[in-house]
Amino acid sequence: MGQTQELGQIIILNGVPRSGKSSIVAVIQETFDGVWMNLGVDRFMQMTPARYLPGIGLRPGGERQDIEPLVPILYSAMYESIAAHSRLGVNVVVDVGHHDAYAIPRGILADSARRLNGLPVLFVGVLCPIEIIMERRQKAGEKVGSTADSSIPQPIQLWQREVHIPGIYDLEVDTSLLTSGACAEVIRQHLADIPTPSAFQRLAAQHT
């Protein structure tokens, strides 16, 4: 009889753009034992035809209702790929910016969780105060910044609100307080103590 394939660990880092997710991914890939594939949002956006961008990177606010119906399909494909890697014993780290502030609620997070049902998932909230997010955007030379009256743009506020929902994570790290290496170490230490059911399994129950 063949050996039973050990499932690959999945780590999902959820946060707004410029919250520091990518830096944590880099540390995980470099320092954690085993192969860790990065199947995050940026990788899938690179594969998406230009006319359908930003695709799964679509920010909140209902600004692109023409491509919104495609976004749940793209997320489904992304999470099916994540699940396939795990079932083959490959570890996966995923950086995303889940929100449901589309023109209509689309329940993408709960559906994504259902697709990973039965797999080892650690759901991590990557938090950072919105003022620091804005500073990082400015330093990066991004066009999306404060409005003429110095208020924070609505899509950025919505995104921040969506990823700070209390109680949805197994673990939260704040990149304004910890370096990316320190955040990765907190995640490493937590992996052995994932609660049952995990936060992602509880989210999956919302879709059944």
Side-chain angles (χ1 to χ4, degrees), residues 1-15 17 19-49 52-58 70-99 106-126 163 168-173 180-181 183-208:
M1 293 180 63
Q3 294 182 337
T4 301
Q5 177 68 61
E6 184 176 351
L7 298 171
Q9 177 68 52
I10 302 168
I11 298 174
I12 299 174
L13 306 175
N14 193 46
S19 60
K21 304 185 301 294
S22 297
S23 297
I24 300 173
V25 169
V27 175
I28 289 172
Q29 287 193 294
E30 173 132 5
T31 66
F32 281 26
D33 291 339
V35 177
W36 286 86
M37 300 298 290
N38 179 1
L39 298 184
V41 61
D42 290 343
R43 298 296 186 268
F44 280 82
M45 286 177 65
Q46 289 170 1
M47 296 186 291
T48 303
Y52 296 117
L53 288 174
I56 59 175
L58 185 63
L70 179 64
V71 175
I73 299 171
L74 295 176
Y75 263 113
S76 296
M78 173 181 171
Y79 272 88
E80 289 291 343
S81 178
I82 293 167
H85 279 72
S86 175
R87 293 188 181 106
L88 290 171
V90 180
N91 302 315
V92 181
V93 59
V94 184
D95 58 311
V96 284
H98 277 296
H99 67 82
R106 298 188 181 272
I108 291 173
L109 181 55
D111 178 71
S112 299
R114 181 183 62 80
R115 295 177 188 278
L116 301 188
N117 200 27
L119 301 175
V121 182
L122 181 67
F123 192 32
V124 181
V126 180
V163 300
I168 68 170
Y169 298 113
D170 294 307
L171 173 69
E172 293 178 309
V173 293
S180 55
C183 289
E185 186 57 33
V186 171
I187 292 169
R188 188 203 304 271
Q189 293 175 6
H190 195 82
L191 277 175
D193 302 313
I194 301 175
T196 302
S198 71
F200 229 57
Q201 288 172 318
R202 295 194 297 271
L203 285 167
Q206 298 176 16
H207 194 76
T208 56

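Not measured: the values here are computed from a predicted model.
Annotation: the span from L109 atom CG to L203 atom CG amounts to 5.0 Å, rounded to 0.5 Å. Note that the CG atom of L13 and the CD1 atom of I28 stand 5.0 Å from one another [nearest 0.5 Å]. Note: E6 CD to S86 OG = 10.0 Å, rounded to the nearest 0.5 Å. Distance check, rounded to the nearest 0.5 Å: CD of Q201 to CG of L116 gives 10.0 Å. If you take CG on L122 and CZ on R188, they are separated by 13.0 Å, rounding to the nearest 0.5 Å.
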Candidate pair D111 and Y75, rule side chain to side chain donor-acceptor pair (under 3.5 Å), full reasoning = CA-CA 9 Å; D111 178 71; Y75 263 113; over 6 Å; no
request  = Just do the side-chain contact (heavy atoms from CB on, under 4.5 Å) check on V93 and M37 with the steps written out, would you?
outcome  = CA-CA 6 Å; V93 59; M37 300 298 290; over 6 Å; no
inquiry  = Between I187 and I11, does the side-chain contact (heavy atoms from CB on, under 4.5 Å) criterion hold? Intermediate values first, please.
reply    = CA-CA 9 Å; I187 292 169; I11 298 174; 3.8 Å; yes
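Across I56 and V71, no two heavy atoms sit closer than the pair CG2-O, 4.0 Å. Of all heavy-atom pairs spanning M78 and V94, the tightest one is CE-CG1, 3.5 Å. When all heavy atoms are compared, the tightest approach of N38 to R43 is ND2-NH2, 3.2 Å. Among all heavy-atom pairs drawn from L7 and G118, the shortest one is CD1-O, 3.8 Å. Across all non-hydrogen atoms, the minimal contact from C183 to I24 is CB-CD1, 3.7 Å.
A donor-acceptor distance shorter than 3.5 angstrom exists from the side chain of S76 to the backbone of P72, with no hydrogens or angles considered. Using a distance-only test at 3.5 Å, with no hydrogens or angles considered, no donor-acceptor pair links the side chain of H190 to the main chain of E185. Checking side-chain atoms of Q9 against main-chain N and O of N91 turns up no donor-acceptor pair under 3.5 Å. In this structure, the side chain of D95 does not engage the main chain of K21 through any donor-acceptor pair within 3.5 Å. Looking at Y169, its side chain never comes within 3.5 Å of a backbone N or O of V126 through a donor-acceptor pair.
Among residue pairs with one or both ends in residues 79-94, those qualifying as salt bridge (charged side-chain N to carboxylate O under 4.0 Å, His left out) are E80-R115; sequence neighbours excluded.
Residues satisfying the side-chain contact (heavy atoms from CB on, under 4.5 Å) criterion with S81, sequence neighbours excluded, are L39, F44, H85. Looking at residues two or more places apart in sequence or on another chain, you find a side-chain hydrogen bond (donor to acceptor under 3.5 Å, both in side chains) between H98 and Y79. Legend: residues meeting side-chain contact (heavy atoms from CB on, under 4.5 Å) with V27, ordered by chain and number and at least two apart, are T31, S180, A184. Residues satisfying the ring-ring contact (aromatic ring centres under 6.0 Å, His included) criterion with F200, sequence neighbours excluded, are F123. Residues meeting the side-chain hydrogen bond (donor to acceptor under 3.5 Å, both in side chains) test with E30, sequence neighbours left out: none.
For the pair L171 and V186, the minimum side-chain heavy-atom distance is below 4.5 Å.
Few gaps surround CZ on F32; more than 12 heavy atoms of other groups in view lie less than 6.0 Å from it.
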